[in-house]
There are 4 protein chains.
Amino acid sequence: MKLKDSKKERAIIDQTLDIVYETGIAGIKMSALAKRVGISPSTLYVYFENKEDLIVSIGLRLLKQINETQETTDARDTSFEQKFRAMWMDMLSFMLDYEKERNFLDQWKQSPYFDKVSLDAWNDHKKVNTALLQEGRETGIFKSLNNEIIHAVGAGIADQVVGLVKQGSLNLDESTKSYLSGIVWDALKK
Amino acid sequence: MKLKDSKKERAIIDQTLDIVYETGIAGIKMSALAKRVGISPSTLYVYFENKEDLIVSIGLRLLKQINETQETTDARDTSFEQKFRAMWMDMLSFMLDYEKERNFLDQWKQSPYFDKVSLDAWNDHKKVNTALLQEGRETGIFKSLNNEIIHAVGAGIADQVVGLVKQGSLNLDESTKSYLSGIVWDALKK
Amino acid sequence: MKLKDSKKERAIIDQTLDIVYETGIAGIKMSALAKRVGISPSTLYVYFENKEDLIVSIGLRLLKQINETQETTDARDTSFEQKFRAMWMDMLSFMLDYEKERNFLDQWKQSPYFDKVSLDAWNDHKKVNTALLQEGRETGIFKSLNNEIIHAVGAGIADQVVGLVKQGSLNLDESTKSYLSGIVWDALKK
Amino acid sequence: MKLKDSKKERAIIDQTLDIVYETGIAGIKMSALAKRVGISPSTLYVYFENKEDLIVSIGLRLLKQINETQETTDARDTSFEQKFRAMWMDMLSFMLDYEKERNFLDQWKQSPYFDKVSLDAWNDHKKVNTALLQEGRETGIFKSLNNEIIHAVGAGIADQVVGLVKQGSLNLDESTKSYLSGIVWDALKK
DNA sequence: GATGAATGAGCGTTCATTCAT
DNA sequence: TATGAATGAACGCTCATTCAT
């Protein structure tokens, strides 16, 4: 009796991320995906019920993974500014390291494969690091903005920076990262 | 002999923007589009060579249109801060007013219909308002950042704000807009 | 502008009846059907929405057709026995003449393509000739059976006779038909 | 070494009959069948060579079984009418008791799985009770009909009655059964 | 110019059967 | 014997595009 090969599942997911990165989520063709993985199209259906299940499963799995990764990043014992800027830099690094994953999530979110269930998981995922932002507000360090706007500023700048790095217009060394985190800080602090 | 009906062309474009807004760029189906416009599928091919031509033509036309619109926004005679913040608020308003157009451009950019030619036009389009940013740098008011980063800060925050407004989490009255432009200003000024 | 070809639709239906007669309703393959008709598989979808629509449409159309045909068979001015036996013989002839149609309806009825809507149409169709049976009961000529049983006797015998003729065990000349109608009459009369 | 498990074989056959009863012979899917039995799809192939073998084996086995069961039903010492009507009522009861089996045979007969070999076995099976019918003809009690027509009358009526009972239009108590057997008798007797 | 029928290429999916253990 | 993964050969269906009028 053959056992399900977890390497195969891994390969399917990786290739899917690559395809979405190259051609968009609409570019996923089950047969092309199978060919890239080196299996028969029907074998895909051993691992995922159908195309929708493939996409949604990967999306949910990525959200879970990201949450697990990020939870470990805010344990420091320095000033609030240092903690906050470190967190933002971590986020930026993360976004660069997991570019394909982020790209998949972005495309998934505005695709027809993104439904009610996915939305719940998505909202969970956005709550990460809310605690730190909350602290910034309550201690009167931040402007009196709601968390969503605070998050928007951090995420918006990071998004664009990632875009610049991706297209080669910006080289992100440590000092640049630090400099950028200063910008975010200036934007939010009173 | 009848000429191409420019109202019909307008209707095709409008319906395309709507479809992309509702279902994504991959949701464009020539027959469905024709039905929405109230014409036959084959008539579409009188106005556009094929699907790719339809999408690319719309994309290029939007880019051109946007440039024309934005050029008129910076004629004021007040302080630099006021001019800059006004420009940013204009940009924000513009992004909200032309939501469907922006959405089309976003989706187009990361679709297989976005090619070399489109990229050149796209880069042109981003140069808008560079002059003002340049002024900010040269007079030593802004941090010593290159224009791309300055643009990234403004655009990133605006992007996220638009997202919040779209999903109903933020009500954008004049005072909020002004408040937000202050954040951007704080981020960039020395 | 091409017009829908009603001969093509006719041909599709005829070939479908043939296929069902040869291989059963489960033997309908859209591509094989198209090949037999001499058109492309996709052209089938111009005339019918999908496989289910094809089958249900044919079924409903046959039911309607049969009702229209049968309504003209009972106008005679002879004794009740003669009228009844003539009606039964007509029914028998009809069943033999429209063998493929009957076969289609039989198979349709116990297929997954037979739904609520179909059932209503089906029940309408069975009401045919009820008037004559009713007369037989009310005048005290028939045994005191409900119409369903009376119908069952006539139809059951006719069914089996058709089976015998089809498999070549019985040659159905006029005298045999008359003889058989006598059996049915004997079964039902008091 | 384990032997083939006859309980497992029994379960496979039972589930197959159920599936055919529920969804038609075209609804047999090897994997679904396996799941219902509680075994692996591949285990089915230990008991039957392939899908055709499964169906044909079940069909032939049922035919054999039915013959064995029916042979014991005509041992009575009463009048010929009573014997005949008793036989018919037994047949009717049998048809109701073994509804799933009969349904399987009906569907099998007009499926692509019904071949030459099956036809021979089928014809054997129809010879049952011929002796009794023969006696009816030879003693001049029956109309001078060949056995096939006599059988057709009995079977046709029984078939339809079973249909009525199945769809709930007829409640088959003892007196109704007797009444119906009278109809059959009237149809055949001189 | 305008149309609706017609089509070929291709996609997602199913399923009987075999493979490897 | 028993298994679950793996697969190839189909099948139903879609859709951008062209044909014929």
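Chain naming here is simple, since letters A, B, ... match the order of the sequence lines and numbering starts at 1 in each. We use all heavy atoms of the structure for the numbers below, so side chains are in, but hydrogens, waters and symmetry mates are not.
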**OP:** Measure the distance from CG on A:L33 to C1' on E:dG10 and round it to the nearest whole Å.
**Re:** 16 Å
Original post:
Counting any heavy atom closer than 4.0 Å, what does B:K35 reach on the DNA or RNA strands: base, sugar-phosphate only, or nothing?
Top reply: nothing
Original post:
Side chains of D:I19 and D:T16: closer than 4.5 Å at any heavy-atom pair?
Top reply: no
Original post:
CE of D:M30 versus P of F:dA10: gap in Å, rounded?
Top reply: 18 Å
Original post:
Nearest to the side chain of D:K8, which nucleotide is it out of E:dT17, E:dC11, F:dA2?
Top reply: F:dA2
Original post:
When the distance from CD1 of B:I19 to P of F:dC15 is rounded to whole Å, what number comes out?
Top reply: 12 Å
Subject >> DNA chain F: 5'-proximal contact among B:E49 and D:S42 (nearest heavy atom) >> reply: D:S42
Original post:
What is the distance, rounded to the nearest whole Å, between atom CD1 of A:I12 and atom C1' of F:dA6?
Top reply: 12 Å
Original post:
Base, sugar-phosphate, or nothing for A:L44, non-hydrogen atoms under 4.0 angstrom?
Top reply: nothing
Original post:
Would you say C:L17 and C:Y21 make side-chain contact, with heavy atoms under 4.5 Å?
Top reply: no
Original post:
Please give, in whole Å, the distance from E:dA16 C1' to D:I55 CD1?
Top reply: 11 Å
Subject >> Contact nearer the 5' end of DNA chain E, comparing B:S40 with C:G38 >> reply: B:S40
**OP:** Determine the minimum heavy-atom distance between C:I25 and C:W108, stating which atoms define it.
**Re:** CD1-CA, 3.7 Å
Subject >> Nucleotide of F:dA2, E:dT17, E:dT13 approaching A:K51 most closely (side-chain heavy atoms) >> reply: E:dT13
**OP:** Give none if F:dA6 has no partner; otherwise give the nucleotide forming a Watson-Crick or G-U wobble pair with it, both distances under 3.5 Å.
**Re:** E:dT17
**OP:** May I have the distance from D:K29 (atom NZ) to F:dA10 (atom C1'), rounded to whole angstrom?
**Re:** 15 Å
Original post:
With a non-hydrogen cut-off below 4.0 angstrom, is A:L54 in contact with a base, only sugar-phosphate, or nothing?
Top reply: nothing
**OP:** Please work out if C:F48 contacts a base, only the sugar-phosphate, or nothing of the nucleic acid, heavy-atom cut-off 4.0 Å.
**Re:** nothing
Subject >> A:E49, CD atom: more than 12 neighbouring heavy atoms under 6.0 Å >> reply: no
Original post:
Which residue, C:Y45 or A:P41, contacts DNA chain F at a nucleotide closer to its 5' end, judged by nearest heavy atom?
Top reply: A:P41
Original post:
When you check the phosphate oxygens OP1 and OP2 of E:dA2, does a side-chain N or O of B:Y47 lie under 4.0 Å from one of them?
Top reply: yes
Original post:
With a cut-off of 6.0 Å (strictly less than), are more than 12 heavy atoms of other residues, nucleotides or ligands near OH of D:Y98?
Top reply: no
Original post:
F:dC15 phosphate, OP1 or OP2: any side-chain N/O from B:S31 under 4.0 angstrom?
Top reply: no
**OP:** Check the distance between F:dC19's P and C:I39's CD1 and give it to me in whole angstrom.
**Re:** 19 Å
